[in-house]
Amino acid sequence: RLQSLGGGARGFLPLKAKKINLLQKVKNIVIMNSILSKHEVYMKKGFTLAEVLITLGIIGVVAAITMPVITKSYRKQVIETSLQKFYTNMNQALKLSSLKHGEYSEWQFPNDSTSVEQLRDWYNTYLKDYLKTVKNTDGAHRNNGSAVYNVYFADGTVVGINVNAHDYYFCLNAKALDEYVASGESKGRGSKCFAFGFYPSKNIYLAKTCVHENYAGKGIEPYINYENTDCSLENYYKLSPSKTIQVNGWKIPDDYSWKY
């Protein structure tokens, strides 16, 4: 049976076709609703601008609190590791050199503290063949006029040899050594630079037992100032950053007196 769609020349659409067309429209509506529903769910899973800003704010606060702690912990580890490595490598080199040159107390040290040439010759004689370095240069003279000879290591650290090859300024980098020497051994002390001494004479500093025991017959040891050290104190070494760390097993103690 045919149903008229209108008068005149217009044709007729079968009723069955009309039903199919209606079903297709319903199907399209269902599909569209499904798509919109999924989109709505996706949107609900996202974050609003306010939520994002709050999250970023929290992250910023946490970072501001934790970063200084992380940075300080890293610097602490670098200092501890570098100091122990320097101490070990230097004393291994000295021991190897002693097999050729005899006991430390018998070595010939420079007699002119202002002569960088004598420091260079001493280094070339006793240490050059037993240390792994990247370069060696004449350093700037200290404020008191004594010469400094710089020895650079592959890890970026450097040591300035001075005072007739008896004092050693170990620093974490070359810039720190330059600033340390220029400031009269004050800038970077205990944070970037650390003093060591090589006074192997068996008669050294007999008047102060603790200082004598720190140096006599030994290789390079953390520096202890003879004039300022009171051996009657249990913690006499507290005036020396390097000695303080060594006594604590090459770890910076909680009561460390220098900022790093």
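Small disclaimer: the values here were computed from a predicted structure and weren't measured.
For Y87 and F170, the ring centers are positioned 6.0 Å apart or more. Ring to ring, F86 and Y168 are not that close: their centroids are 6.0 angstrom or more apart.
Under the 3.5 Å distance criterion, the side-chain polar atoms of S146 are left unmatched by any main-chain donor or acceptor of R142. Proximity of a side-chain donor or acceptor of W250 to a complementary backbone N or O of S82 within less than 3.5 Å is not detected. In this structure, S242 contributes its side chain and A195 its backbone to a donor-acceptor pair below 3.5 Å. Listed for the T157 side chain is no donor-acceptor partner under 3.5 Å among the backbone atoms of F153. No side-chain donor-acceptor contact under 3.5 Å links N136 to the backbone of V151. Proximity of a side-chain donor or acceptor of N214 to a complementary backbone N or O of P222 within less than 3.5 Å is detected. Without hydrogens or angle criteria, S183 side chain to Y180 main chain gives a donor-acceptor distance under 3.5 Å. Using modelled atom types, one side-chain atom of N225 and one backbone atom of N228 make a donor-acceptor pair closer than 3.5 Å. Distance alone, capped at 3.5 Å, places no donor-acceptor pair between the K243 side chain and the I224 backbone. No donor-acceptor pair under 3.5 Å is formed between the side chain of S240 and the backbone N or O of Y237.
Residues satisfying the side-chain hydrogen bond (donor to acceptor under 3.5 Å, both in side chains) criterion with N203, sequence neighbours excluded, are absent altogether. With sequence neighbours excluded, no residue satisfies salt bridge (Lys or Arg N to Asp or Glu O under 4.0 Å) with K175. Looking at residues two or more places apart in sequence or on another chain, you find a side-chain contact (heavy atoms from CB on, under 4.5 Å) between N111 and Q118.
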Check against side chain to side chain contact (heavy atoms under 4.5 Å, CB included), K218 and Y104:
CA-CA 8 Å; K218 297 180 180 179; Y104 305 146; over 6 Å; no
Evaluation steps, side chain to side chain contact (heavy atoms under 4.5 Å, CB included), between E117 and D138:
CA-CA 9 Å; E117 291 79 10; D138 298 345; 5.7 Å; no
Mind running side chain to side chain contact (heavy atoms under 4.5 Å, CB included) on D167 and Y199 for me, showing each step along the way?
CA-CA 8 Å; D167 287 1; Y199 294 88; 2.5 Å; yes
Please lay out, stage by stage, how N89 and Y130 fare under the test side chain to side chain donor-acceptor pair (under 3.5 Å).
CA-CA 9 Å; N89 289 344; Y130 309 102; over 6 Å; no
Residue pair I252, I79: steps toward the side chain to side chain contact (heavy atoms under 4.5 Å, CB included) verdict
CA-CA 8 Å; I252 296 178; I79 291 172; 4.0 Å; yes
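Electrostatic pairing of E80 and K76 counts as a salt bridge here, judged by a charged N lying under 4.0 Å from a carboxylate O. Salt-bridge annotation for D129 and K100: absent, with no side-chain N of the basic residue lying under 4.0 Å from a carboxylate O of the acidic one.
Just one of I54, L56, T55 meets the side-chain contact (heavy atoms from CB on, under 4.5 Å) condition when paired with V52; it is L56. Residue F109 is tested with F198, Y126, Y123 for a ring pair (Phe, Tyr, Trp, His ring centres under 6.0 Å); the sole match is F198.
Taken together through direct or relayed side-chain contacts under 4.5 Å among Ile, Leu, Val, Met, Phe, Trp and Tyr, F194 and Y260 form part of one hydrophobic cluster. Using a 4.5 Å cut-off between side-chain heavy atoms of Ile, Leu, Val, Met, Phe, Trp and Tyr, with links allowed through other members, Y223 and V148 fall into different hydrophobic clusters. When the side chains of ILVMFWY residues are joined at heavy-atom separations under 4.5 Å, either directly or via intervening members, V211 and Y236 end up in a single hydrophobic cluster.
Taking both residues in full, the closest heavy atoms of P68 and A63 are given as CD-O, 4.2 Å, listed atom of the first, atom of the second, then distance.
Between the CD1 atom in I220 and the OG1 atom in T88 there is a gap of 11.5 Å [rounded to 0.5 Å].
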